[in-house]
Each structure stands twice: as C-alpha cells, then as structure tokens.
Participant: 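Handing you this structure, nothing more for now.
Values below: every heavy atom of this structure, side chains too, minus hydrogens, waters and symmetry copies.
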2 protein chains.
Amino acid sequence: MTRKSHSITIRDVARQADVSVATVSRFINRNAPVSAEVAERISKVMTELNYVPHAAARHLATRRTRSIGLLLTTINYDFFSPLLSGLEKVVAENHHNLLVATYRADLRKEYPPPVGPHNTDGVVIFADAVKEDQLAQWHRMNFPMVLVHRTPPPHLNIPYVTVENKAASRRIVDHLIEVHGRRHIVFTRGLVDHEDSHWREMGYKDALEAHGIAYDPKLVVNGEFDREVTYREMKTFLSNNHPVFDAVFASDDDSALGVIRALQDVGMSVPDQVSVVGFDDQHFSCILPLPLTTVRAPTEAVGRAAGQQILNMILGEPAEQKILLPTEVVIRQSCGCSARKSMPKEVIAQKR
Amino acid sequence: MTRKSHSITIRDVARQADVSVATVSRFINRNAPVSAEVAERISKVMTELNYVPHAAARHLATRRTRSIGLLLTTINYDFFSPLLSGLEKVVAENHHNLLVATYRADLRKEYPPPVGPHNTDGVVIFADAVKEDQLAQWHRMNFPMVLVHRTPPPHLNIPYVTVENKAASRRIVDHLIEVHGRRHIVFTRGLVDHEDSHWREMGYKDALEAHGIAYDPKLVVNGEFDREVTYREMKTFLSNNHPVFDAVFASDDDSALGVIRALQDVGMSVPDQVSVVGFDDQHFSCILPLPLTTVRAPTEAVGRAAGQQILNMILGEPAEQKILLPTEVVIRQSCGCSARKSMPKEVIAQKR
DNA sequence: CCGGTTACAGTAACCGGTTACATTATGACA
DNA sequence: TGTCATAATGTAACCGGTTACTGTAACCGG
C-alpha cells in the first residue's frame with residue numbers, strides 16, 4: 001500500500017551517468033559495444049544506486065521471463081526432493097528462475113494452471129498434473145513443455161523424460177521367482193492414472209507370463225503410492241479370505257513400508273514367509289530395519305535432464321523427444337537375500 | 001526466436017467485445033462495476049480467444065508480482081520437502097506464486113540474489129542464505145521478508161519463524177543424563193553459521209551445567225548437519241585418543257546416522273555402550289533399525305507459518321515479530337529406552 | 001582524399017496491462 | 001424542473017525496460 005517505492009530505474013542510472021537509457025541497457029545486457037570509459041561510469045552509478053533492473057519491465061519488453069515452471073500434483077512427498085534439487089540446479093546454472101506450483105485436480109475446473117505461457121518460458125510437468133486438453137492447447141501454441149514421469153498423449157510430440165519402469169519391474173519380479181522361488185506375488189498398484197504404476201504392473205505381468213504363472217487380479221491391491229493407503233488396503237486384503245501369496249511387489253518404496261507393517265500386524269514374517277520389494281530406492285530404503293530390495297530410480301538425474309531439455313527448447317535448440325533413464329535392481333534383504341551384519345556402506349556413501 | 005507469438009492481448013478482447021480495454025480490465029479484476037450485458041460479452045470473447053492476461057504487463061503496471069520467493073542454501077536435503085510443502089500450500093491458497101531459489105555462498109560475490117524486490121513481493125529466507133548487509137538493504141527499502149530458522153541481526157526487526165531449539169535440546173540431553181545415567185556426552189555440531197546448531201549446543205551446555213558436568217570442548221565434533229561429514233569426523237575423533245564418552249547428541253537426525261555408523265565401525269554398540277540421539281525427527285527417523293530418539297521439529301508448520309507471515313506483510317497487515325514453534329522430545333530406542341517388538345505405529349500414522 | 005565499414009551513442013516507439021480523469025446516462029430528491 | 005450522486009464506459013498516460021532506427025566520428029584500403 002502506498003508503496004511509493006521510488007524504485008530507481010534505468011533512467012535514473014542514465015541521468016546520473018550522463019548517458020542515454022539505451023546505452024545503459026546495452027551495458028547491462030552486453031549486447032552492443034560500450035566504450036570502456038562509459039562502461040566504467042555506468043557501472044559505478046549502478047552500484048552506487050544499488051540498481052537492479054525491474055524483472056517485469058524486462059519481461060514485458062523482451063517477451064521472455066527467464067523463468068521456468070514446475071507443475072506438480074503435490075510436494076508433500078520425499079520423492080520430490082531430489083527431483084527439485086536436480087531441476088533447480090540446472091535452471092539456476094543457466095540463469096533462470098524456478099517457479100514451483102501444485103495443481104490439484106480440484107482446482108482444475110476453477111482456475112487455469114498457475115504456471116504457463118503468461119508466466120514462464122516453459123514448464124516441466126510431472127505425471128498427470130495437467131490434463132490432455134491443456135497439453136494440447138499449449139502444444140498448439142508452441143509453448144515449450146517437458147513431461148516428467150509420463151509420456152505425451154498420441155500425436156502430441158512433447159519431449160518427456162522418465163525412468164525405465166517395465167524392464168526393471170520385470171527383473172525384480174524375476175528375482176523373486178527365480179532366486180526365491182516365489183510364485184504367488186501380490187502387486188500393490190500406485191495411482192491409477194500414473195504411468196509409472198501402469199508400467200510397473202506391465203513388468204510384473206511380463207515376469208509372471210515368462211515363468212508360466214497366471215496373472216490373478218485378486219492379487220492386485222490398490223496402494224496409490226502411499227504408505228498409509230497401502231497399509232489399509234493390505235489389511236483389508238488380509239482380513240478377507242485372500243488367495244495364498246508368498247511375495248509382494250510394491251509399486252514404490254513408501255507403499256512397501258505399508259505392506260511390511262500390515263504383514264507384521266497379522267504375524268507374517270518378512271522375508272521368511274513373504275518377500276517384499278519396492279521401487280524407487282528412496283532415501284530411507286537402505287536404512288530400514290529390513291533394508292529394502294528395490295529398483296533404483298535416478299530421480300535427481302530426471303530433474304537435471306528435464307531442466308536441460310526445457311532450456312534447450314526455450315533456446316530453440318533441439319531437444320530429445322524421449323529420455324529414458326536407466327534403473328537398476330538393488331538387492332538388499334527384504335526379498336530374502338542374505339543380511340549383512342551392520343548398516344550397509346551405502347548409508348554413508350549415498351549421495352544426498 | 002522469431003516467436004512472433006501473436007499473443008492475444010487485452011486490446012484484442014476489447015475490440016472483439018466492442019468495448020474499451022479499460023472495461024475489459026475492470027471486468028477481469030472486478031474492481032469496478034460492469035454491466036451484466038457487457039460482462040457476458042467480454043467473458044464469451046475471453047474464452048473464445050483463450051485469453052490469459054500477460055503476467056509481466058500486469059506486474060509492471062501494478063508493481064505487484066503476486067509471487068513470493070524462497071531463498072535456500074541448498075535443496076538437496078530431505079529436510080526441505082515439508083518446509084516447501086507447507087509454504088507452497090499457503091502461498092497457493094492465497095493466489096500467489098512461489099519462486100524457489102538457491103543462493104550458494106560462492107555466487108554471492110558475483111550475482112545479486114536470484115529473488116528479491118525486482119522479482120517478488122516478498123521473500124522467505126532460510127538460515128544464512130543471504131548475508132546481513134543484504135538483509136539490511138532490503139529492510140531499509142521496506143521489502144517484506146520473513147526469516148526461517150534464524151533470527152534477524154540486531155536492530156533489524158525482521159519477522160522470523162523458527163523452532164524451539166535450546167529447551168528441547170536441554171530436555172533430550174537431560175534424558176540422557178537422568179534416565180540413562182550418561183555423563184560423557186559428545187555433541188556433533190551442525191553448520192557453524194547456523195543458529196539451530198548454536199542453540200542446540202547451548203541447550204546441550206545447559207543440561208550439562210544443570211547436572212554439574214563440566215563442558216569439555218574435546219567432546220564436540222563438527223558435523224555440518226551432514227551424514228557423511230559427521231561420519232568422517234566421528235571416525236577421526238574415534239581414531240585419535242579421545243576422551244571417554246557414553247552418549248552422542250547429534251545436531252540433527254541425518255548426522256545421527258553418520259554417528260551410529262561410525263560407532264558400529266569401531267565395534268561400539270548402540271545404545272548399550274553409547275546412547276545416540278538426534279534432532280528434527282525426519283521422515284526416516286522412526287523406521288530405522290534402531291528407531292531414533294530425537295526432537296520433533298514441525299517443519300511443515302514452519303513453512304505454513306512463514307507463508308502466512310509473508311503474505312500478511314505483503315498485504316500490509318501486521319505480522320508477528322517472532323514465531324517460535326514448539327518442539328517435542330520423542331523417545332524411541334537409540335537412547336537405550338526399551339524396544340517395541342514391531343515397527344512403531346507411527347510409521348503408518350505419520351503425516352506425509 | 002574518398003566511399004565504405006565499424007564503434008559508439010541517442011531518440012522514441014513499443015511490450016500489455018492498469019487507472020486517473022473525463023464523459024454520458026440515469027435515477028433520486030428537493 | 002434543476003441538482004446531484006452514481007453507474008457504466010472511454011481516452012490516454014504510465015509502469016520500466018528493450019531495440020529499431022538514425023547519426024556522428026574514427027578508421028581503412030585504394
């Protein structure tokens with residue numbers, strides 16, 4: 001209110017340095033030669049006046065915001081920490097800003113996305129944070145986008161970066177079958193609209209089929225990538241008369257925790273009676289009482305790659321249509337493999 | 001480049017709806033009466049044209065960006081996930097945007113802070129992300145700021161929100177002394193410039209003094225709030241001839257992990273020989289092989305409070321000068337208290 | 001010495017909104 | 001009926017930068 005805020009402008013600098021605003025602008029942006037003498041004068045006045053160019057004015061004139069948006073469904077989840085970290089790093093290195101926003105489904109009717117062409121030069125979109133029609137519209141107007149942990153809808157060639165879900169899921173379920181002789185494997189599904197969940201389930205099915213095991217929909221439990229939900233659903237599963245099972249492939253590490261707890265509740269021992277494996281290799285997975293056998297997803301690298309991509313697109317340089325980062329099965333003990341006697345080395349070595 | 005981007009402007013809408021730009025503006029901002037008939041027309045044209053006001057133009061005209069900045073030293077740390085989550089929630093609820101930026105010390109010489117008055121209507125500053133002279137300058141120009149996990153320098157009455165460090169540290173060290181009879185307690189210090197670390201050390205000293213135990217600087221180890229650093233420093237500590245000790249108060253949970261690993265390396269048993277306690281109650285702390293006795297810091301609430309504060313300041317409403325959120329000692333097993341037989345309930349119940 | 005290039009600098013239009021001020025129509029009230 | 005408040009709308013200046021266009025002086029090869 002009444003922020004008269006005699007903010008000092010480029011004209012103040014120009015006047016004080018006895019040059020034109022154009023010259024000051026050129027000096028700031030180094031996009032045209034300025035004599036050493038004048039440069040010196042401008043520079044001095046700028047620090048004297050503590051001048052910082054007004055971003056909005058610059059944006060308006062250049063039609064570039066130098067900021068990129070990140071659209072998430074939620075932040076409240078450890079998973080996003082490395083993603084954000086990787087993204088912010090490359091965005092900052094390239095002198096851009098990062099606008100982080102969530103766009104929950106219930107807001108979609110009433111408001112347009114909080115970040116978009118009006119706001120940013122491009123956006124990174126996680127999973128199903130925005131709907132297809134919005135993607136299509138932005139695509140039509142050539143607005144730079146990179147999808148993360150999802151693929152574009154058909155006929156929209158929007159670059160995306162995600163991780164190898166299916167093959168790794170296949171391998172970790174193979175491990176359960178081949179090494180531990182498990183044949184009745186529960187899958188706790190993630191969020192239904194989530195491609196990660198879909199492909200992890202595909203990998204699961206693949207593994208079953210490859211070993212001549214029939215897919216039994218009764219062995220699939222909903223978990224929503226959530227520890228608590230998975231716990232509840234597993235309890236329900238266990239309290240009804242359920243098919244025999246001897247292993248659980250949880251769609252992520254967090255839900256694996258819910259699974260383990262539910263099993264312990266009813267007195268089933270992990271990993272002796274039931275092997276449990278997860279996905280993601282989150283920060284906590286290696287330091288659990290029963291270190292989790294899981295699939296390592298390079299989430300920080302996903303963030304970096306997405307940042308690199310969106311910056312390329314903004315600069316008009318070519319972007320990869322598809323970046324699929326490799327994942328890796330990490331054998332620990334929750335599947336039944338032998339225990340080490342102390343906390344694993346990686347507790348320490350693991351990059352934060 | 002050559003993004004001709006015939007972005008549709010308010011004048012396009014005005015022309016098509018056969019009204020003036022002022023009327024359209026008034027309709028959009030609902031800050032002056034517009035006849036129902038005209039409103040209808042404008043509304044229709046707007047959706048037809050898919051018009052979204054250009055943020056920069058609006059910012060320039062109103063001198064308000066409707067976005068608030070968050071300045072961190074680093075993101076790569078699970079600790080920030082709940083902070084961000086809480087902050088983003090209230091910022092979004094109040095129709096503002098969140099600009100997340102890191103400002104590492106090595107950038108400070110060369111660049112001004114990536115977020116500031118040129119960019120945002122106010123900033124939330126974590127710990128020592130910006131230096132005192134910068135704080136002073138912003139304060140002088142009345143730029144809204146809220147400090148988080150730090151207090152303002154003397155004579156700058158900048159509102160801050162942080163957690164109760166000293167009293168809780170005192171209590172958890174009391175616990176070590178009174179319940180477990182420990183009297184030779186190592187403290188692994190956090191980052192030296194970090195107030196949290198400072199006050200946690202003060203609480204530690206208080207507890208010692210209250211029990212007539214002399215403070216021994218040889219029992220203080222540097223840890224920098226970092227698992228790996230703490231591990232290394234503890235190893236160094238243990239390999240030189242060190243004073244006898246029977247407990248460790250780590251300045252945060254992450255470093256407690258490093259401590260435990262270092263102790264296990266040299267064959268000391270936790271908690272039998274040495275009690276270990278931490279601070280923060282991070283997401284993983286309750287699911288460790290040895291669940292950590294620690295102090296719960298309400299980090300998500302800190303984020304929410306900071307958001308509320310900065311929004312108040314921006315709206316010119318009064319802000320609390322100081323918000324000190326309570327912390328709570330959480331007794332688990334790493335101090336030597338009795339174990340429960342399965343994973344603690346809170347693994348499930350804990351809010352994500 | 002001349003035409004042409006280049007280095008350097010200034011003027012002013014423009015980016016797309018907001019809003020102070022002006023204008024007209026309308027209804028209320030004395 | 002004249003006065004006044006109010007509703008509804010328009011005109012144009014302004015926010016603080018960038019940049020197209022223009023101009024001058026210095027420099028260069030012939």
Participant: Closer than 4.0 Å, any side-chain N/O of Arg58(A) to the OP1 or OP2 of dG16(D)?
Facilitator: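 No, no such contact exists.
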Participant: Let me know the distance between CG of Asp18(A) and P of dC8(C), rounded to the nearest Å.
Facilitator: 18 Å
Participant: Check the distance between dG17(D)'s C1' and His54(B)'s NE2 and give it to me in whole angstrom.
Facilitator: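 Distance, rounded to whole Å: 13 Å.
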Participant: Show each protein N/O and nucleotides 13-15 of chain D N/O combination with a separation under 3.5 Å, one pair to a line.
Facilitator:
none

Participant: Per the ring-ring contact (aromatic ring centres under 6.0 Å, His included) rule, what does the pair list look like for residues 37-76 of chain B, sequence neighbours excluded?
Facilitator: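 Non-adjacent pairs meeting ring-ring contact (aromatic ring centres under 6.0 Å, His included): zero.
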Participant: With a 3.5 Å cut-off and sequence neighbours excluded, list the donor-acceptor pairs that the side chains of residues 146-155 of chain B form with protein atoms.
Facilitator:
unit_1, atom_1, unit_2, atom_2, d
His149(B), ND1, Asp196(B), OD1, 3.3
His149(B), ND1, Asp196(B), OD2, 2.6
Thr151(B), OG1, Glu195(B), OE1, 3.0
Thr151(B), OG1, Glu195(B), OE2, 2.8

Participant: Considering the terminal five base pairs at each end of the helix from dC1(C)-dG30(D) to dA30(C)-dT1(D), what angle separates the two local helix axes, rounded to 10°?
Facilitator: 30°
Participant: Which residues pass the side-chain contact (heavy atoms from CB on, under 4.5 Å) test with Asn29(B), not counting sequence neighbours?
Facilitator: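 In terms of side-chain contact (heavy atoms from CB on, under 4.5 Å), with neighbours along the sequence ignored, Asn29(B) is linked to Ser25(B), Asn31(B), Arg58(B).
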Participant: What residues from residues 32-49 of chain A pass a heavy-atom cutoff of under 4.0 Å to DNA chain C?
Facilitator: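 Pro33(A), Val34(A), Ser35(A), Val38(A), in order of number.
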Participant: On the nucleotide dG17(C), are OP1 or OP2 found under 4.0 Å from the side-chain N or O atoms that Ser25(B) carries?
Facilitator: no
Participant: For His194(B), which residues count as a ring pair (Phe, Tyr, Trp, His ring centres under 6.0 Å) partner, sequence neighbours excluded?
Facilitator: Phe126(B), Phe225(B)
Participant: Are OP1 or OP2 of dT9(D) and a side-chain N or O of Thr23(B) less than 4.0 angstrom apart?
Facilitator: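 It does not, given that no N or O in the side chain of Thr23(B) lies less than 4.0 Å from OP1 or OP2 of dT9(D).
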Participant: Can you check the Phe27(B) CZ to dT19(C) P distance for me, whole Å?
Facilitator: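 Rounded to whole Å, this separation is 17 Å.
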Participant: Could you list all the salt bridge (charged side-chain N to carboxylate O under 4.0 Å, His left out) pairs where at least one residue sits in residues 81-96 of chain A, not counting sequence neighbours?
Facilitator: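 Matches after skipping sequence neighbours: Lys89(A)-Glu300(A).
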Participant: Quick check for you: among dG10(C), dG10(D), dG17(D), whose closest atom lies nearest to any side-chain atom of Arg26(B)?
Facilitator: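 Shortest atom-to-atom distance from the side chain points to dG10(D).
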Participant: Just jot down the ring pair (Phe, Tyr, Trp, His ring centres under 6.0 Å) partners of His95(A), sequence neighbours excluded, or say none.
Facilitator: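 Listed in chain order: Tyr111(B).
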Participant: Check side-chain contact (heavy atoms from CB on, under 4.5 Å) between Glu320(B) and all other residues, then give those that pass, not counting sequence neighbours.
Facilitator: Gln309(B), Ile323(B)
Participant: Check every atom of dG10(D), dA9(C), dT18(D) against the side chain of Ser20(A) and return the nucleotide holding the closest atom.
Facilitator: dA9(C)
Participant: Side chains of residues 32-45 of chain B: which donor-acceptor partners sit under 3.5 Å, not counting sequence neighbours?
Facilitator:
unit_1, atom_1, unit_2, atom_2, d
Ser35(B), OG, Val38(B), N, 3.3
Arg41(B), NE, Ala17(B), O, 3.0
Arg41(B), NH2, Ala17(B), O, 3.1

Participant: Within the structure, does a side-chain N or O atom of Asn31(A) lie under 4.0 Å from either OP1 or OP2 of dT18(D)?
Facilitator: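 No.
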Participant: Listed by chain and number, what are the side-chain contact (heavy atoms from CB on, under 4.5 Å) partners of Ala61(A), not counting sequence neighbours?
Facilitator: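 side-chain contact (heavy atoms from CB on, under 4.5 Å) list for Ala61(A), sorted by chain: empty.
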